[in-house]
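Read the structure below first, then the notes.
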2 protein chains.
Amino acid sequence: MILLEHPSLDDVEQRLREVILWRRLAIIVGFFSVDYYGRASSYLESGERLIIIKEDGSVLIHRSVGYKPINWQPSSSRIRMERKDGILILEVIRMKPREVLRIKLERVKLLYIDKLVDTGAFEMYLTEEDMKRIFIRNPGLIEPGLHIITSEKEVGSGKADIVARDSSSNIVIIELKKHKIGVNEVLQLNKYVSELRVTNKNVRGIIIGTDISSDAMELAKRLKLEYKVYSLRALSQYKRK
Amino acid sequence: MILLEHPSLDDVEQRLREVILWRRLAIIVGFFSVDYYGRASSYLESGERLIIIKEDGSVLIHRSVGYKPINWQPSSSRIRMERKDGILILEVIRMKPREVLRIKLERVKLLYIDKLVDTGAFEMYLTEEDMKRIFIRNPGLIEPGLHIITSEKEVGSGKADIVARDSSSNIVIIELKKHKIGVNEVLQLNKYVSELRVTNKNVRGIIIGTDISSDAMELAKRLKLEYKVYSLRALSQYKRK
DNA sequence: GCTTTAGTCGGGCAA
DNA sequence: TTGCCCGGCTAAAGC
């Protein structure tokens, strides 16, 4: 663990070479400008900000507000360094798509280098994937007598979340949403259903979410699609392992 | 500017109260677990990570790899603190949607508090907005004899990027994409064009991007839509201002 | 308040 | 590798 206050740029350069070589986490508070070009391009004038270099080579530049970094480069980026005209240039390069981030460090207030000991597991609950699992295990929640045929079935140009057969042997295409159903979600379901209806009239489409907008409700009726809303609370009791 | 190595949790609590009160940036390296619940829920077991508290109340928790924070809360979240069983609980609460992030700090390795002096402007170039401006100023790039009627025109349920008239007086709906055109982009254009074709057969649709997938190309032909690809390099020379 | 769309979206998964 | 879709998407603009 290394902690330097107001290090010289020579020191910073030397330490960061070790960071890159040994894959360490570096936190830099400094005064710098940033050039970026690639899919888009941008220029950030000089100011005090935070740079985070992660062990996988991803680089984040954060200002003092906001969730998102103002500039960044994702993991597996290459980092090069260069001294020039009294400043330290950090060039972070991503191939495919080729993108270049150039940080012109004028001075550094804080340099912290460490390797975090972090073996703790992360688990996320009740994602759309969880929902799907719940409905597949409990198809009666959707409709009595429903039988799951398959999930993630190819339907022409896309994938339906669940394909089932109802008690009258109709094919049922089911689209799941964790949130409120809008017009776009209905259109997405319609994309799948309408392609199947070309050859088979007895295809039903059901969209399931936590709520539905009145526009989406109307559109669903017009397209002869069905909708259902469930409560997150009601569903979560079916969640197991 | 405050910099503490291995501060006690009492110290951390006291300092963070000042951070919240005075709206400062805080960087914490420590050992902790994280609970989150709201739109989804998650649990992160104990480990060493980085916490960033920004001046606007946004909170980011970063592990040693990856572009994205593992947990977070956006700006204008409320932060509460509590000591319990020898640990420091940081509760970050967002209303609407109601979401709670609970950080159980067991120990702190580094606490850095500062107010960044950052007045530098940020400018981004060649966004989709820039593209639109270029094509509106130079409609001949799309097709000789094309005249722009309007941009951001309401077309039924959405907005077409550009509406124009060709040399044969056909209405031309133009959709711009900065990236590769996929099936969805073609469908989006079709949504607009098909609504107009109900009343007017002479409506053309052109989708413009930097590349196009073979599926999208096929779909466009089937829907009687046109496509064009441009190179970013070719376009950027038209950028001025 | 809601809806729609862009994003340097990132990240994952399957063909 | 390419293409597609999900995300606690976020963020901005329009209604």
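A note on names: the letters A, B, ... follow the listed sequences, proteins ahead of strands, and every chain is numbered from 1.
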Measure from the side chain of A/V183, starting at C-beta and using heavy atoms only, and say which of C/dT4, D/dC4, C/dT5 lies closest. C/dT4

Identify whether any heavy atom of B/E175 sits under 4.0 Å from a base atom; if not, whether one sits that close to sugar-phosphate; answer base, sugar-phosphate or nothing. sugar-phosphate

Please determine whether a side-chain nitrogen or oxygen atom of A/H179 lies at a distance below 4.0 Å from atom OP1 or OP2 of D/dG8. no

Sorted by first residue and then second, give each salt bridge (Lys or Arg N to Asp or Glu O under 4.0 Å) pair with at least one member in residues 29-55 of chain B; sequence neighbours left out. A/D118-B/R49, B/D35-B/K104, B/R39-B/E99, B/E48-B/K109, B/E55-B/K115

Given C/dT5, is OP1 or OP2 found less than 4.0 Å from the side-chain N or O atoms of B/Y192? yes

Kindly point out which of C/dT5, C/dG10, D/dC6 is positioned nearest to the side chain of B/K68? C/dG10

In whole angstrom, give me the gap between the C1' atoms of D/dG7 and D/dA11. 14 Å

Could you walk me through whether B/V193 and B/R197 pass the side-chain contact (heavy atoms from CB on, under 4.5 Å) check? CA-CA 6 Å; B/V193 171; B/R197 280 182 176 162; 3.4 Å; yes

May I ask whether A/W72 stacks on the base of C/dT8, given the cut-offs of 5.5 Å between ring centres and 30° between planes? yes

Closest to side chain of B/Y67, choosing from C/dG10, D/dG8, D/dC6: C/dG10

With DNA chain D as reference, determine whether B/Y36 or A/K96 sits nearer its 5' end, using the nearest nucleotide of each. A/K96

When you measure only distances, ignoring hydrogens and angles, does the side chain of A/N184 come within 3.5 Å of the base of C/dT4 through a donor and an acceptor? no

Indicate, with a heavy-atom threshold strictly under 4.0 Å, whether A/I70 touches base, sugar-phosphate, or nothing. base

Given C/dG7, C/dA6, D/dC9, identify the nucleotide with an atom nearest to the side chain of B/K178. C/dG7

Pairs in or reaching into residues 208-229 of chain B: which pass side chain to side chain donor-acceptor pair (under 3.5 Å), with residues at least two apart or in two chains? B/R204-B/E226

Using a strict 4.0 Å threshold on nitrogen-to-oxygen distance, state whether A/E185 and A/K177 make a salt bridge. no

Can you tell if the side chain of B/Y43 reaches within under 4.5 Å of the side chain of B/S33, non-hydrogen atoms only? yes

Could you check which residues of residues 39-54 of chain A get a heavy atom under 4.0 Å from DNA chain C? Sort them by number, please. A/R39, A/A40

Does OP1 or OP2 of D/dT10 have a side-chain N or O of B/Q73 closer than 4.0 Å? no

With a 4.0 Å cut-off on heavy atoms, is B/Y37 in touch with a base, just the backbone sugar-phosphate, or nothing at all? nothing

A/S75 or B/M124: which one's nearest nucleotide on DNA chain C is closer to the 5' end? B/M124

For A/D215, answer base if it contacts any base atom (sugar-phosphate contacts may also be present), sugar-phosphate if it contacts only those atoms, and nothing otherwise; contact means non-hydrogen atoms under 4.0 Å. nothing

Touch class at under 4.0 angstrom, heavy-atom based, for A/G182 against every strand present: nothing

Does a side-chain N or O from B/R98 land closer than 4.0 Å to OP1 or OP2 of D/dG8, or not? no

Establish, with yes or no, whether the OP1 or OP2 oxygen of C/dT4 is under 4.0 angstrom from a side-chain nitrogen or oxygen of A/K180. no

Which of the following nucleotides, D/dG8, D/dC4, C/dT8, is nearest to the side chain of B/S213? D/dC4

Which nucleotide wins on minimum distance to the side chain of B/E128, given the candidates C/dT5, C/dA6, D/dA11? C/dA6

